[in-house]
Student: 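Got a structure for you, questions after.
A note on names: the letters A, B, ... follow the listed sequences, proteins ahead of strands, and every chain is numbered from 1.
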Number of protein chains: 2
Amino acid sequence: MEFKEAKNKFVQTWGALGSQWGINKTMAQIHALLMVSNEPISMEDVMEELQISRGNASMNLRALMDWGIVYKEYKAGERREFFTAEKNLDELAVKIARERSKREIKPALKVLKEVSSIDSNATEEERHFVDQTTKLYDFVLKADNMLEKATEFKDNWLGRLVIKIMK
Amino acid sequence: MEFKEAKNKFVQTWGALGSQWGINKTMAQIHALLMVSNEPISMEDVMEELQISRGNASMNLRALMDWGIVYKEYKAGERREFFTAEKNLDELAVKIARERSKREIKPALKVLKEVSSIDSNATEEERHFVDQTTKLYDFVLKADNMLEKATEFKDNWLGRLVIKIMK
DNA sequence: TTAAAGTTTCAAAAATAAATGAAAGTTTAT
DNA sequence: ATAAACTTTCATTTATTTTTGAAACTTTAA
């Protein structure tokens with residue numbers, strides 16, 4: 001396999017993976033492209049390389065910046081803006097985890113708390129509902145905390161130990 | 001909030017959460033419904049409760065069974081089939097993690113290995129590509145292993161300790 | 001057997017999500 | 001101030017994913 005082919009395959013695969021995990025395909029592809037580029041890329045280049053429209057490129061680059069995993073760069077003497085990706089993978093994981101937690105898990109937790117707090121527990125059916133949603137709330141909360149804490153592992157001796165044992 | 005309203009809200013929320021994480025909405029909703037039901041539910045009931053077609057119900061129940069998180073049950077003297085969800089949340093998490101790893105992460109790892117193994121490293125650009133995809137491969141592999149090992153935590157004293165510390 | 005009760009399949013329709021592109025908006029150099 | 005270079009927005013179009021529903025299939029009881 002030659003370089004260009006490999007690069008393309010990587011971008012496609014990363015895009016597919018993204019869309020299976022609820023991140024839009026183009027967003028993931030742009031990210032992939034920036035990840036493996038050794039130098040900043042202009043919007044024009046992104047459009048060209050992925051064969052997408054200006055609007056699409058603009059919106060998804062913006063989204064990536066909102067997530068904090070892509071940065072704008074200015075080159076001296078250049079009018080255009082260039083983009084680079086966060087290349088430190090631990091940092092990347094932290095930011096993605098935080099963002100998804102904030103956007104999706106936290107709101108879901110709120111609802112779980114609400115629905116598990118109804119006072120009606122007259123019937124067996126209702127008791128089971130309250131019991132099960134309460135357990136779910138505790139579980140999701142714990143998982144969310146783990147995600148958060150896991151992101152602190154990298155600078156943390158215990159974390160390293162745990163990872164070593166788990167490996 | 002009364003019971004019926006709470007139940008509905010829970011089903012809707014679980015459905016939305018599912019679709020944000022790449023699991024189709026109806027599949028997640030059916031799962032939610034079964035999770036909070038204290039007794040087995042027939043396909044007819046699922047259709048009725050979620051207002052979906054027979055085909056849709058059938059396909060998604062099948063998918064849930066393929067994931068191993070919903071079971072068929074037979075009631076004595078009843079022709080129809082009934083369904084129940086895995087209600088143990090640790091077990092549920094294990095099965096979802098295994099399934100997604102198998103379906104999505106493993107294939108992605110295969111591609112990452114391939115593209116990071118191209119022998120061309122003539123230019124700076126190519127060297128950076130190989131370097132970055134190699135790191136990504138290692139990272140994803142490690143994350144995948146963690147997911148797998150994390151699923152063994154529940155029966156494991158060290159795991160409990162770690163969770164306690166992380167909490 | 002056979003027919004009733006139930007389940008699955010899959011081509012077509014509907015719903016949803018994403019992409020386009022042209023117009024509006026910015027910024028910068030002169 | 002203005003015009004060139006570039007970016008953003010968003011109504012419309014396009015692509016993708018999900019759902020439907022009717023026909024085919026399977027199972028069971030008589």
Side-chain angles (χ1 to χ4, degrees), chain A residues 11-34 40-67 70-84 100 103-104, chain B residues 11-34 40-67 70-84 100 103-104:
Chain A
V11 169
Q12 293 307 121
T13 303
W14 208 238
L17 198 64
S19 60
Q20 275 160 338
W21 288 84
I23 287 160
N24 108 30
K25 193 185 68 178
T26 304
M27 186 170 155
Q29 287 182 342
I30 294 177
H31 183 250
L33 199 60
L34 295 175
I41 292 184
S42 70
M43 199 158 96
E44 210 69 41
D45 292 340
V46 171
M47 288 164 59
E48 164 66 24
E49 189 108 24
L50 300 180
Q51 289 294 300
I52 57 174
S53 71
R54 189 171 296 285
N56 197 5
S58 174
M59 303 264 266
N60 285 112
L61 280 167
R62 154 58 59 110
L64 285 163
M65 288 189 293
D66 288 348
W67 280 59
V70 160
Y71 313 112
K72 247 184 204 171
E73 282 199 8
Y74 298 95
K75 279 194 188 174
E78 271 277 13
R79 178 71 172 278
R80 290 173 302 167
E81 298 170 339
F82 290 81
F83 301 88
T84 38
R100 299 211 70 160
R103 293 177 194 222
E104 294 141 23
Chain B
V11 169
Q12 293 307 120
T13 303
W14 207 240
L17 198 64
S19 60
Q20 275 159 337
W21 288 84
I23 286 158
N24 110 28
K25 193 184 68 178
T26 304
M27 185 168 155
Q29 287 182 341
I30 294 177
H31 183 249
L33 199 61
L34 295 175
I41 293 183
S42 70
M43 200 158 97
E44 210 69 43
D45 292 339
V46 171
M47 289 164 58
E48 165 68 22
E49 190 110 22
L50 301 179
Q51 290 293 301
I52 59 174
S53 70
R54 187 171 296 287
N56 198 4
S58 173
M59 288 184 92
N60 283 301
L61 279 167
R62 153 59 58 109
L64 286 163
M65 288 190 292
D66 288 348
W67 281 57
V70 160
Y71 314 111
K72 246 184 203 170
E73 281 197 7
Y74 298 95
K75 281 193 186 173
E78 270 277 13
R79 178 70 173 281
R80 288 174 303 167
E81 298 172 339
F82 289 80
F83 301 89
T84 39
R100 299 212 69 162
R103 291 178 195 224
E104 294 141 23

Student: Starting from P on D/dT18, measure out to CD1 on B/Ile52 and report it in whole angstrom.
Tutor: 14 Å
Student: Write down the distance between OH (B/Tyr74) and C1' (D/dA29), rounded to a whole number of angstrom.
Tutor: 17 Å
Student: Can you give me the first and the last nucleotide of DNA chain C (5' to 3') that has an atom within less than 4.0 angstrom of a non-hydrogen atom in chain A?
Tutor: C/dA18 to C/dT28
Student: Whether B/Thr26 contacts D/dT19 is assessed here as follows: a side-chain N or O lying under 4.0 Å from the phosphate OP1 or OP2. Is that the case?
Tutor: yes
Student: Nearest 0.5 Å please: distance from the OG1 atom of A/Thr26 over to the CE atom of A/Met59.
Tutor: 11.0 Å
Student: Could you give the angle between the helix axes at the two ends of the helix from C/dT1-D/dA30 to C/dT30-D/dA1, with five pairs per end, rounded to 10 degrees?
Tutor: 10°
Student: What is the distance from NZ of A/Lys75 to C1' of D/dA5, rounded to the nearest Å?
Tutor: 17 Å
Student: Can you check each nucleotide of nucleotides 7-12 of chain D against protein heavy atoms at under 4.0 Å and return B for base, S for sugar-phosphate only, - for none, in 5' to 3' order?
Tutor: BBBB--
Student: Indicate whether any N or O donor in one side chain lies under 3.5 Å from an N or O acceptor in the other, for B/Ser42 and B/Asp45.
Tutor: yes
Student: B/Met43 versus B/Arg54: any side-chain heavy-atom pair under 4.5 Å?
Tutor: yes
Student: Given side chains that start at C-beta, do those of B/Phe83 and B/Glu73 come closer than 4.5 Å, heavy atoms only?
Tutor: no
Student: If we only count heavy atoms from C-beta on, is the B/Trp21 to A/Glu104 side-chain gap below 4.5 Å?
Tutor: yes
Student: Looking across every strand, which nucleic acid part, if any, lies under 4.0 Å from B/Gln51 by heavy atom: base, sugar-phosphate, or nothing?
Tutor: sugar-phosphate
Student: If only side-chain N and O atoms of A/Asn24 are considered, is one of them under 4.0 Å from the OP1 or OP2 phosphate oxygen of D/dT16?
Tutor: no
Student: Would you say B/Leu50 and B/Lys25 make side-chain contact, with heavy atoms under 4.5 Å?
Tutor: no
Student: When you compare the side chain of A/Leu61 with that of A/Leu34, does any pair of heavy atoms fall below 4.5 Å?
Tutor: yes
Student: Any side-chain heavy atom of B/Gln29 sitting closer than 4.5 Å to one from B/Asn60?
Tutor: no
Student: Without decimals, in angstroms, what is the distance between B/Glu78 CD and D/dT27 P?
Tutor: 19 Å
Student: With side chains defined as the heavy atoms from C-beta onward, is the minimum distance between A/Phe82 and A/Lys72 less than 4.5 Å?
Tutor: no
Student: Find the distance between NE2 (A/His31) and CH2 (A/Trp67) and round it off to the nearest 0.5 Å.
Tutor: 10.5 Å
Student: Rounded to the nearest 0.5 Å, what separates atom CD in A/Glu44 from atom CE in A/Met47?
Tutor: 5.0 Å
